[in-house]
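The figures that follow rest on heavy atoms only: side chains count, while hydrogens, waters and symmetry mates do not.
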There are 2 protein chains.
Amino acid sequence: MSTTTSTQWQLIARPTGEPTRDNVSPVQVELPELTTGEVRVRNTFLSVDPYMRGRMNEGRSYVAPYALNETMGGAAVGEVIESNAESLSVGTLVQHQLGWRDISQGPADQFTALPNVPGVSPSLFLSVLGITGITAWTGLTQIAELKHGDTVFVSGAAGGVGTMVGQIARLLGASRVVGSAGTAEKVELLTSKYGYDAAFNYRDGDVAGQLRKAAPDGIDVYFDNVGGEHLSAALGAFNDGGRAAICGAISLYNATADTGIQNSSNIVTRGLTLKGFTMPSYFHLAPQFAEAMRGWLSDGKIAYDETITDGIDNAFDAFTGMMNGANVGKAIVRL
Amino acid sequence: MSTTTSTQWQLIARPTGEPTRDNVSPVQVELPELTTGEVRVRNTFLSVDPYMRGRMNEGRSYVAPYALNETMGGAAVGEVIESNAESLSVGTLVQHQLGWRDISQGPADQFTALPNVPGVSPSLFLSVLGITGITAWTGLTQIAELKHGDTVFVSGAAGGVGTMVGQIARLLGASRVVGSAGTAEKVELLTSKYGYDAAFNYRDGDVAGQLRKAAPDGIDVYFDNVGGEHLSAALGAFNDGGRAAICGAISLYNATADTGIQNSSNIVTRGLTLKGFTMPSYFHLAPQFAEAMRGWLSDGKIAYDETITDGIDNAFDAFTGMMNGANVGKAIVRL
């Protein structure tokens with residue numbers, strides 16, 4: 001055992017609006033020797049996700065705010081390189097929540113061993129087989145209670161969650177799946193690769209009008225990653241009994257003003273249900289999800305993209321790029 | 001059998017904003033003789049309700065729009081005065097949906113016989129024992145899934161539904177019930193008569209601030225009769241897992257602009273559920289409701305008010321008065 005230096009990203013000032021390099025700092029941390037029951041992990045992939053923006057605020061959120069001048073957390077996978085714990089031997093592939101650093105160490109129970117599956121990149125445990133996959137599946141099956149024949153609208157459809165939502169919705173019997181994204185290239189991918197029946201670029205404006213064209217008979221389910229104007233448009237397009245799974249509101253995370261949601265009177269007149277959800281309440285369903293997703297993957301029924309950024313020094317740029325829509329599929333930092 | 005003249009209120013022009021006497025007309029209708037299977041009913045009480053404003057619009061709502069130049073419908077009770085149907089004899093007390101007129105007639109299956117309960121005004125079948133009571137009960141038990149110990153916030157708390165919501169919430173185990181209304185007199189009644197722990201006058205301004213004072217530990221359930229600023233304030237005050245039963249949006253019914261709902265990002269961060277409901281989907285629960293409410297009533301546990309307007313000629317004024325908050329408890333027209 002030995003000491004090691006680790007590069008770790010710390011929040012040094014809470015952002016107003018869009019986070020900048022002034023809000024964070026990569027810090028060289030001298031790691032102590034392992035104590036009994038601890039392991040040291042060399043991270044190979046880090047996840048950067050929209051919810052992290054919420055943790056940069058002081059205010060209440062569904063996960064605790066990041067502390068100032070402490071290393072931020074997040075999902076990561078890596079390999080055990082030193083072990084003082086019987087349960088995890090050197091060389092084991094593990095998943096954990098101590099991201100935003102190149103080396104993680106701590107008690108063994110903070111790390112979960114992963115299977116080495118031939119042909120499957122460990123990064124997929126941060127996406128298709130992990131949090132983005134189960135988020136998409138949970139939102140459709142548990143929150144929106146997707147029914148056979150539903151028309152489904154997905155915002156942020158080319159992102160890590162959105163690319164999964166469209167495909168899972170079709171596999172579970174949706175009759176029409178419509179998505180929005182922020183570039184022409186993403187819109188093209190949605191229909192050519194991700195099984196969407198129609199898609200539009202919200203930056204072309206008039207989200208409500210574009211949605212009406214893409215789903216002329218209205219929508220039954222809305223999977224919301226974006227909030228704001230997209231949620232207003234969905235409320236205007238819902239058929240009676242429509243259900244919204246509210247997973248995120250990325251359009252609002254950097255916003256400094258609340259422009260409000262329109263069409264709220266349809267909630268009563270059309271008998272709508274809007275349900276916000278965050279994954280910690282649904283992790284007990286992981287085995288059920290994993291069984292379904294492994295089947296679909298091995299049958300070749302799930303397409304996916306990763307937008308890879310290399311190097312711990314570029315982790316913050318990977319995060320801000322993802323927040324601005326630079327990614328297709330899951331945004332990942334590879335170390 | 002004979003012909004009879006009936007005074008009936010017809011919609012003659014769809015309102016923009018607040019309905020006026022230019023939008024409606026009391027018409028003298030010559031009723032034909034009864035045909036086989038029909039009955040004629042002298043109405044004794046008519047119900048005027050907020051949802052009727054929605055039916056005056058052309059647009060889609062959960063009930064069909066009123067047709068122009070036809071008599072409007074609505075809940076009423078009355079007495080059979082002529083019968084050509086075996087199932088309903090003269091003198092029977094009945095309830096029906098052919099309101100907005102002094103005499104109703106049609107096939108017997110459009111009328112439901114009511115019990116004559118000593119000491120119970122038939123008007124209560126339009127309120128406590130009828131639509132407002134079951135609406136309050138359904139919203140709490142089926143939509144908001146009220147739990148023991150919840151803090152409940154009710155808007156429009158001094159209205160027909162709101163006065164029931166507060167009392168039923170307490171009977172079902174809520175630990176704190178907070179209401180808003182539009183006059184000092186109503187606010188006083190909420191705490192002195194209707195079992196509210198705290199109440200405020202929304203016309204004093206700053207709904208969010210007043211709600212924070214009345215429910216300093218946040219709210220778990222919001223029963224929404226009002227929409228708009230009240231819904232925004234509730235979204236800002238919810239504890240994690242909060243649930244809104246969206247029953248009405250009276251603040252928006254006459255509005256010509258959509259000012260939007262604030263605090264929508266809390267839907268995801270606090271895991272909120274907002275559920276709109278309209279009673280037709282829940283009428284199958286009427287027996288379960290009736291059993292509970294009759295028990296509470298006979299135990300003297302339910303207080304109620306009726307705001308009575310006399311005469312078919314004043315039915316429209318009763319409606320606009322109710323829309324402007326002139327009523328305490330259920331607004332009723334007595335003929």
Worksheet item: If you look at every heavy atom in A:Asp258 and B:Asn263, which pair is closest and at what distance?
Response: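 Between these two residues, the closest heavy atoms are OD2-N, 2.6 Å.
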Worksheet item: Of all heavy-atom pairs between B:Ser265 and A:Leu252, which one has the smallest distance, and what is that distance?
Response: CB-CD1, 3.9 Å
Practice prompt. To the nearest 0.5 angstrom, please state how far the CD1 atom of B:Ile261 sits from the CD1 atom of A:Ile267.
Written response: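 One finds 7.0 Å between CD1 of B:Ile261 and CD1 of A:Ile267.
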Worksheet item: Taking the side chain as C-beta and beyond, is there a heavy-atom pair between A:Ile246 and B:Ser264 under 4.5 Å?
Response: no
Worksheet item: Is the closest side-chain heavy-atom distance between A:Leu274 and B:Thr273 below 4.5 Å?
Response: no
Practice prompt. Please state whether the side chain, the backbone, both or neither of B:Leu272 comes within less than 4.5 Å of a heavy atom of chain A.
Written response: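 Contact with chain A: backbone only.
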Worksheet item: What do you reckon, is NE2 of B:His284 surrounded by more than 12 foreign heavy atoms closer than 6.0 Å?
Response: yes
